[in-house]
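To start, the structure itself, in structure tokens.
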Amino acid sequence: MAQTKSTCCYCGVGCGVIIEHEAGRITGVRGDPDHPANFGRLCTKGSTLHLSAAPDTLANRALYPELRPHRDAPRARVSWDEALDTAAQRFAQIITEHGPDAVAVYGAGQLLTEDYYVFNKLVKGLIGTNNLDTNSRLCMSSAVAGYKLSLGSDAPPCSYTDFQHADSIFISGSNAAFAHPIAFRRIEDARKAKPEQKLVVIDPRRTDTAEAADLHLALLPGTDIALYNAMLHVMLWEGWVNRDYIEAHTEGFDALKRLVREYSPAMAASICGLNKADIEEAARLFATAPATLSLYCQGLNQYSFGTHNNSALINLHLATGQIGRPGAGPFSLTGQPNAMGGREVGGLSNLLSAHRDMANPAHRAEVAALWGVDAVPDKPGKSAVELFQALKSGEVKAVWIACTNPAQSMPDQPLIHEALRQAEFVIVQEAFAHTETCVYADLLLPATTWGEKEGSVTNSDRTISRVRPAVAAPGEARNDWAIAADFARRLGARLGKAELAERMFAYTTPEEVWNEHRESTRGRDLDITGLSYALLESDGPQQWPFPTGAAQGRVRLYEDGVYPTPSGKARFVATEYKITAESPNARYPLHLNTGRLRDQWHGMSRTGQVARLYSHESEPLLHMHKADMERRQLADGDLVRVKSKRGSVVLKVLESGTVRPGQCFVPMHWGGNTMGGEGVNTLLPAAFDPYSKQPELKHAAVQVEKFKASQSLVALRRSETDADGNLHPNPQALMQRLRQWLPQFEYASLTLAGRNNPVVVLKAQANEMPAEVLEALDRELALDDPTRVLSYQDSRR
Ligand code: SF4
């Protein structure tokens, strides 16, 4: 058995893994004891990574390029040459006729830094548009905008080692126990070693994270700014602010001070639905602890005022001097494995390479010089929601979607599906061919994935890790950066820039790409010119910045109190409380919160293939308070129709003490592949923050009504393992065939069960189940063989 060190491809904790493999197959995975993020530990998702690469999952892989000859035809296999020549020809034609802003790329925080770099250079350098956005927009863009607004740069100042130095830890808008499990384990360790350390959790739900807290503030959704302003009000009143720090290292405090005068604890208590005493206690724990660390994630970011949510919390750190010291600072937890790497290369429609500012002509000139082009465009491109709106309206005509699944993950799913239907040309570059988005691909390009790819990623605490291949790519799958570079050269030839494109995209290895990215960081706050692939190999993962001559990366930023702003001072932002994009009303009386399950990741394209990852929560459920269920005469397991302004979904309801009356919760993972309709993100609004353009995926106003179906079915099919270790039937292939029937039922869920031999589980309820549908299901499940199946039917009952 061979072993290869790599990095987990799920969350931003960025755990190191050791991949075990034999004869070209991945056979096991374990935590890397030497990796500074996890020291050998893995969560349920990371420790089952090898199962997501098991032989049966090959049924879900995109293995060959496939092209649709015309819109209504099925895709057929083509060569890479035909695929990329067609892509280049279509893009060149649209660019020539309508200009560069008529095309766009939509990427992912799952791409490696090298992939991101090439796509960014292709779009902004060769094509000449800033229409490059990614699913990081849905995840981290408010954290980016918040850091830049308050501290001057998108640079998390803290490290995981700060957990053990902190005296108070505040976790805001993050169920870290589920979403960043290994980071949370490290917090638990820190608390064991230091029992006096306090944990305060600010979250509308009583999550597992909140259960562990000394103080849980179950505020109403979207009321964080009122809470933080009131905490600052208390700190001012009690004399707990650090006037020396404010004077020496910040600006703008007077305006904020005037603003928070209005935010008395009593006023905030009524806005937030909290006790006044708890707000005062939170202020005390924050301000008077020797070192206070805050951790935050989507519960701050995914609001239409997400940037100010971030800045309001950072205001508290600046006002109390709780920053730039061991155990102190505002620490944004990165959702995705490489959202940070994407931010480093400028991989959003409003960012430029190496934290440069798109609005700054000198910065644009630096990037243009690095790339050897005359100029890079100054107009910000379309952000995620704007991009799909523009696809729907026809303003953007072609889109290239790489390594992400917007037909599951974006808010307002009806808009997204309509946009993909309307687009003139959709390219999907994917490892997995079964995602909801692949349905719309005119051209499907097979990409490598975890275990096959090579490059690097950066985690939440600025640690750069290598990603290494353990096995060969299946079929004709290619690395994402290589596909983009090959396409760029072909597009350049069609745009009359053949020589330029050949020069710009002459890479033969990911290391060449990374070295160019490294050079782009010279002199910037994230300078990594002292790093190399060789050093990462020999010395292991390293934090940025790591400039030439440095012996190690910087553990903590802003220790000298100097910030990367024109004045060198951090900025207080006068953050006003605003209401959510939708408020509950007579028609839609309930708050809907969204969040993550412990064992699933994003749209489940990878975790959804692993049977044991359904054991924690086995089907899409609406979590609801007992009082709201009683009012609607609902019992556990009843079907409900959940409706927002955009559409509705039918789910089973689960009584839960984690939500307050008037609120309900649904995990964000379930899409059209695992349930009826277009998935739970149908319910969420496309409203977004004006600074970060991050949509409000955390909250919608909904109505919930009992849904009655007269017929129901549960069908199970267990796979058996043959002598060669292959599963019959292949559960992934069976699920693919069953998916086509999900829209036939008002309620449906399609999942897996079992620890060893997987069982495909189809549950459905409807008021009418047409005989031909049931016959088709019998065929798929091998229930139509009278020699093996005994059936009894009483049509009157
Ligand atoms: Fe992977 Fe995140 Fe779990 Fe670590 S905590 S094993 S990075 S999913």
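This chain uses plain numbering: 1 for the first residue, then up along the sequence. Every number for a ligand or one of its atoms is a count from 1 in the order of the listing. Computed from heavy atoms alone, side chains included, the values below leave out hydrogens, waters and symmetry copies.
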- prompt: Is any side-chain heavy atom of His699 less than 4.5 Å from a side-chain heavy atom of Leu592?
  reply: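 A side-chain contact is absent here, since even the closest heavy-atom pair is not under 4.5 Å.
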
- prompt: Do Glu114 and Phe119 touch side chain to side chain, with heavy atoms closer than 4.5 Å?
  reply: no

query: Side-chain donor-acceptor pair under 3.5 Å between Glu617 and His623, yes or no?
result: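 Yes, a side-chain donor-acceptor pair sits under 3.5 Å.
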
Asp167 side chain to Gln197 side chain, donor-acceptor N/O pair below 3.5 angstrom: no

field: Atoms of the protein (N/O/S only) found under 2.8 Å from atom 4 (Fe) of ligand 1
entry: Cys15 SG

task: For the pair Asp115 and Lys453, find out whether any cationic side-chain nitrogen is under 4.0 Å from an anionic carboxylate oxygen.
output: yes

field: Selection residues 401-410 - residue pairs positive for side chain to side chain donor-acceptor pair (under 3.5 Å), sequence neighbours left out
entry: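 Side chain to side chain donor-acceptor pair (under 3.5 Å) check on residues 401-410 returns Asn135-Thr404, Asn405-Glu436, Asn405-Thr437.
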
